[in-house]
Structure formats: C-alpha cells, structure tokens
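For reference, the structure is listed below as structure tokens.
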Amino acid sequence: IWREVMNYWKRQAFDTLGLGGKTEFSTVDLAFYVEDSFKPAPNFTVNFGLRYDVQTMPELKGNPDLPATNRVNTDKNNFGPRVGFSWDPGKKQKTVIRAGAGMYYGRTQNSTVVNLITNNGQRFKSYSFIPTTAGSPLFPNVLSAVPTGAAGRPDAVFAAADFANPLIYQMELSIEQEVFKNFTLTGTYLSSRGQRLPVFRDTNLFPQTQTATYTVCATPQVGSSTTCSNVDRTFTLPFSSGARPNPNFGYLTSAESVINSWYNGFVLQAKKRFSHGVQLQASLTIAKAQDNGQSLITFTSSNQPLNPFNVRQDYALSDLDQRKRFTMSAVWQPSLGGVSSRAVRGAFGGFQLSGILMLADGRPYSGGTSGNPTPAGILGGLVGVGGSSRVPFVGRNTYTNPGAATVDVRLAREFKFTERIRWQIMAEGFNIFNRVNITGINATQYNVRGAVLFPNPAFQSISSTGTNLFRERQYQLGTRFTF
C-alpha cells in the first residue's frame, strides 16, 4: 500500500503474514426490547419502552511491546429508555400533538475493528514518511522490504480503555393540524445530542513546548520564491518536532470516544392524501448541526484533529450541517369516472403523472493548506503532527459548498386486462432541466512554502460536477407486467 497525502506525506504498509491483508474475525450484536402503551384518557396515549444493545468485540492478539493493542472494550451498559405520547386535545381528530424522547446506541464499525486487529505495529507494519524522514524513499519509489534503523518505526492503532459505542439522545415534538379534508400541516421540532463518537488521535508525542510562526502572504507565489513582500498577517502555533516519547514507533493512534455533536431542526410538512386524483407532499427543513470533529471515517485515521492536544478547538459546524432543504412530490391521476364515452376512457384512462422537486443548501467545508513547512515537524502539517490540513486562523467549516436542485418527472400508463393482470409502461426523466449541480470545490486555500502561506488562486474553483445522485439530464423507458 502506497499513497501520497497532502502532497508530501507518504505511507507504505506490509502484511507480515503474507496474506495480502486477509483477516477473519466475528462480532455478535444482541438487542432486547420491551414496550407497553396505555391510555390514561380516550384522547391520550402513552408509549414507553426499554432497549438493551450489546456488540461483542473479538479477542485481540496484540503487540507484546504495546499492551494497549491486546484488548478492546465490550460496552455492556447500553440501556436505552424511550417514552412518547400522542394527544388529541380537541377530541375531534383535527389536532394531534406528539412527543417522544429516547437514548439510542450505535455500533463500532467492523472496519474500525479490523484496523484494531491488524494495525498493531506487528501484524501490519505501516510506515509514514515526509521527505526529511530518515530512510524515506523518493516518491514514487517504494520500499522493497520492511525497513530497519531510523526508518523502521511502524505505526500502530489501539482502542482507549474506555472506548465505547456511540450514544445519541433524541427528542421530537410535533403538532399536526387538519386544515381541510384530506389536507394536514405539521410542524416538528427535532433535537439530538451525540456523545462518545470516535476520534483517532496520535499519542506518541511529547507535550508541545515549541512554537512555529508563519507569514500569510496577501498575493500568490511568484515562481519558486519563498519570500513575501506583501504580508497579510502572521500567526503562531504549537509545533512538534524531534523525537517521539516511544522511539520504536511512529504514530501510536488512540481510538477514543470523546466527540460530541448537537443537532436542532424544524420541519414544516404539508400533506394532501390521495383524493380526486391528486396526492401532494411537501417538506421544508431548517436545521443546524455542530460538533467538535465528527467525521465519516470508515476505518481509522492516524491523527484526525488539527492538534491532538486540543480537540476542542475543532468545535464548529458539522461536516453534515445543511441549513435548509425543501422537497416536494406530487401525483396526478386523471379521474374519468364521470366520462360516459368508452372511447375517451380507453384513450386517456390509466395515465399517471408524478414528479419530485428537491432544493438543498450546500454543506460546509474548511479552507485547507497544501505542502509542509520548513523546518519540518515530526510529520507534515503546520503543527508538525500530520492530521487535519485546515487553515488554523480561519476556523473549521467556515465556507459553504454550492447547493443542489433537481426535478424528476415520471409519466406512466397502466392497461388493466383483469383484476390480477396489468401492464404498465412508463417514461422517466431525471434532472429534466439539466441543471449543473456542483459537487466538488477546490478547498486548498493556501500553499505552504517554507514558513510562508501563499494564497491559492484556484481556491473555491469548481473541481467536479455531478455524481451518481446528481447527474446530467437522463431519460429512461420501462415496463412492468403484473399477474
């Protein structure tokens, strides 16, 4: 395995068993749930329950030199109470108030578990390099065998002693009102509080007693110059360089359950039940999500935060924050029940037209840096520890990606031969207005040269448009036979 990270940080790994990474293990997930409901009044219903979850962890055959790699905690106290109620205050089934709250537990992904098994500095020997690392091969060259000497310091991953399953507190309060027959409006407040979310932090570092001062240039780099005559600002950061506390290893990554998240949202929903050939549903969500470093990492990261000694400074808008989202779907099926002409019913009956509209704000992102400072730290980055490459003085997730908008339409016609035998043909169009949805932005805000940060002229330029979900306009034809 060989990859280049942040332009100048490289990693290579060896499977010492020669199995090409093949690893077998098993976990067992058990869940038990009891619930009950009662009606203290005819128009008031209470539901309550208790769920217990446990995810067993495999036994680890760890690295004798790293006792922490020999175990991973099985979290056994995951009791999740839930309670909710439904109230019809007018006893006319026109207004309904609902509320609920509960504790919910996530699971540790098997991809994380497999890294705890293999990336212990013994089974997989993984090495991280920057150009100044002793014994580092010149990119794109690779090591032909497990290195020795100064270069032979493998990385390792282990679970903290109190590593646990994620815990989420959720609550909801909604008021549903029938405005007129078959049409309701619902307002819902949603809130969730996440705790014990995982973060991966390098612990093989001495407390930071050094600092590094950087100059931010107001103009882009000219040629290969590393000096700036138009200074915008300077800033100073803690910095790690030199030896590690355990000189026999590189990264010693601790998987820790210390990340917190907060979500608050309001949903306004309009719903028209199918009647007179029309069905409609529309929903507007206004929300805000914050955390101190939640990520979508599926395996592990060598060092996730900007500074492993200060995870709290990553508190900001969540990567998953989306302020507004509007969706609307509609179905129209012409009703020809009042048409007496058999020919007209045969020509125009059985048609159905439906569509979906989606409008969404973009999610936030951080301005990043590319390159490593000189003199270099233990590894890359402005703090010398690898990790996040975001610009420290700007803050995490201060910029917002462009939003998205799509309209999909479907026209179908059904031919009914008998009650059980039907044939349907359909034509569907996706993103029928062929809107270009921007799905990637160049997030490199500064290029690091020496101790100077030069602005990147391509920052916030479009890097990609379209994904499997947001593509150019497409049409497709289909048929279905039911019998």
Show the nearest heavy-atom pair for residues [X] and [Y], with the distance to one decimal.
X	Y	value
Cys217	Phe454	CB-CD2, 3.8 Å
Thr444	Ser370	CG2-CB, 3.7 Å
Asn260	Asn292	N-OD1, 2.9 Å
Arg325	Thr327	NE-CG2, 4.1 Å
Ser257	Phe163	OG-CD1, 3.3 Å
Arg435	Gly403	NH1-O, 3.9 Å

With distance as the sole test, does [X] use its side chain to make a donor-acceptor pair with the main-chain N or O of [Y] at under 3.5 Å?
X	Y	value
Asn434	Glu472	no
Asp88	Gln93	yes
Thr285	Lys324	no
Asn372	Gly381	yes
Tyr105	Phe79	yes
Arg71	Ala159	yes
Thr253	Ser302	yes
Gln170	Arg193	no
Thr479	Gln424	yes
Thr23	Gly21	yes

Q | Trp262 ring center near Tyr315 ring center (under 6.0 Å) | A | yes
Q) For Arg82, which residues count as a salt bridge (charged side-chain N to carboxylate O under 4.0 Å, His left out) partner, sequence neighbours excluded? A) none
**Q.** Residues, nucleotides or ligands: over 12 heavy atoms within 6.0 Å of Ile462 CD1
**A.** no
**Q.** Other residues, nucleotides, ligands: >12 heavy atoms within 6.0 Å of Arg312 CZ
**A.** no
Using a 4.5 Å cut-off on heavy atoms from C-beta on, say whether the side chain of [Y] contacts that of [X].
X	Y	result
Met328	Met358	no
Leu197	Val258	no
Lys271	Gln269	yes
Asn303	Phe200	no
Lys94	Gln177	yes
Tyr446	Asn456	no

**Q.** Geometric class of the Phe393/Phe235 ring pair [parallel <30°, tilted 30-60°, perpendicular >60°]
**A.** tilted
Q. Under 30°, 30 to 60°, or over 60°: which ring-plane class applies to Phe85 and Phe44, parallel, tilted or perpendicular?
A. parallel
Output the distance between atom [atom1] ([X]) and atom [atom2] ([Y]), rounded to the nearest 0.5 Å.
X	Y	atom1	atom2	result
Ile117	Asn110	CD1	CG	8.5 Å
Asn431	Tyr475	CG	OH	9.5 Å
Asp36	Phe48	CG	CZ	4.5 Å
Lys288	Asn264	NZ	CG	9.0 Å
Leu320	Asn397	CG	CG	9.5 Å
Tyr33	Arg51	OH	CZ	8.5 Å

Q.
Go through it in stages, so that I can follow the logic: the residues are Arg123 and Asp15, the test is salt bridge (Lys or Arg N to Asp or Glu O under 4.0 Å), and I'd like the CA-CA distance, side-chain angles, deciding distance and then a yes or no.
A. CA-CA 6 Å; Arg123 163 70 195 278; Asp15 185 346; 2.9 Å; yes
Q.
Does either side chain, that of Gln55 or that of Thr74, offer a donor lying less than 3.5 Å from an acceptor on the other one?
A. no
Salt bridge or not between [X] and [Y]? Use side-chain N to carboxylate O under 4.0 Å.
X	Y	value
Arg323	Asp361	no
Arg396	Asp291	yes
Glu178	Lys181	no
Asp29	Arg107	yes
Arg196	Asp75	yes

Q.
So, using side chain to side chain donor-acceptor pair (under 3.5 Å) as the criterion, who are the partners of Glu256 when residues are at least two apart?
A. Arg201, Ser254
Q. Listed by chain and number, what are the side chain to side chain donor-acceptor pair (under 3.5 Å) partners of Thr439, not counting sequence neighbours?
A. Ser464
Q) Under the criterion ring-ring contact (aromatic ring centres under 6.0 Å, His included), which of Phe481, Phe417, Phe415, Phe483 is the partner of Trp423? A) Phe415
**Q.** Intermediate values then yes/no, side-chain hydrogen bond (donor to acceptor under 3.5 Å, both in side chains), Asp53 and Asn165
**A.** CA-CA 10 Å; Asp53 293 273; Asn165 295 115; over 6 Å; no
Q. Do you know which of Asp408, Thr406, Val409 makes side-chain contact (heavy atoms from CB on, under 4.5 Å) with Ile432?
A. Val409
Q: Test Val46 against every option in Ser86, Pro40, Ser37 by the side-chain contact (heavy atoms from CB on, under 4.5 Å) rule and name the one that passes.
A: Pro40
Q. Taking it one step at a time, do Tyr365 and Gln460 satisfy side-chain hydrogen bond (donor to acceptor under 3.5 Å, both in side chains)?
A. CA-CA 10 Å; Tyr365 68 95; Gln460 295 185 321; 3.1 Å; yes
